[in-house]
Amino acid sequence: MDLRLDARGTGRARIAWLTNELGKTPRHVVKAVIHYEVTLDLTDRLPRVSAPALILAPTAGTIATKADVDLAYTLIPRSEMHLIESRFH
C-alpha cells in the first residue's frame, strides 16, 4: 500500500486515515516535540513554504490556539487544513 500523500490526488479517505493515525501519537512523543517547538518562532518563514502542506490540528487542542492554526493556514501557500476531533494531536 502506497501511503505517500499527494495534495493533488489524495482522496478524502486517505486524508481521514492519516488524521486517524496521527491521532494515535503517544503522549511522550508529543511532549518531547512540544518541548523543542516552544523555543521556535517560524511565523515569518511560513509564506516561503513551497510544498503543499497538510495542517492537522485537534478541535480542542491545548498546544496551539485556533487562531494559531488559522494563521498557519493563512500564511502557508497551497495549504489544506483538517481538524481532528480530539484535544490531543
Side-chain angles (χ1 to χ4, degrees):
M1 176 180 200
D2 181 5
L3 299 179
R4 292 175 294 167
L5 293 178
D6 179 343
R8 295 163 293 183
T10 299
R12 295 277 178 213
R14 173 85 44 95
I15 292 171
W17 172 85
L18 179 62
T19 301
N20 184 56
E21 290 302 306
L22 290 174
K24 298 176 185 177
T25 304
R27 285 185 177 182
H28 73 279
V29 173
V30 174
K31 287 181 181 181
V33 170
I34 293 168
H35 179 74
Y36 172 72
E37 287 180 344
V38 296
T39 64
L40 300 174
D41 182 2
L42 303 174
T43 305
D44 62 326
R45 297 181 185 179
L46 295 180
R48 298 191 321 228
V49 173
S50 60
L54 177 59
I55 299 170
L56 300 173
T59 54
T62 58
I63 297 167
T65 66
K66 179 72 166 85
D68 293 333
V69 175
D70 288 340
L71 179 63
Y73 174 68
T74 301
L75 292 178
I76 299 174
R78 298 171 46 198
S79 63
E80 185 175 338
M81 180 170 54
H82 292 274
L83 299 177
I84 302 167
E85 291 294 329
S86 175
R87 58 188 181 108
F88 302 107
H89 276 73

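Predicted model, so just to flag it, every value in this text is computed and none were measured.
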With a cut-off of 3.5 Å and sequence neighbours excluded, list every side-chain donor-acceptor pair involving residues 44-53.
none

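- Ile84 and Met81 are assigned to two separate hydrophobic clusters, defined by single-linkage of ILVMFWY side chains at heavy-atom distances under 4.5 Å.
- Listed by first and then second residue, the salt bridge (Lys or Arg N to Asp or Glu O under 4.0 Å) pairs that reach into residues 56-67 are Lys66-Asp70, sequence neighbours excluded.
- With sequence neighbours excluded, the residues satisfying side chain to side chain donor-acceptor pair (under 3.5 Å) with Thr43 are Asp41.
- Leu83 and Leu71 end up in the same hydrophobic cluster when Ile, Leu, Val, Met, Phe, Trp and Tyr side chains are linked at under 4.5 Å.
- Criterion: ILVMFWY side-chain heavy atoms under 4.5 Å apart, direct or through other members. Under it, Leu56 and Trp17 are part of a common hydrophobic cluster.
- Every side chain to side chain contact (heavy atoms under 4.5 Å, CB included) that Thr65 has, sequence neighbours left out, goes to Ala67, Asp68.
- Here the CD1-CG distance, from Ile55 to Leu75, works out to 9.0 Å after rounding to the nearest 0.5 Å.
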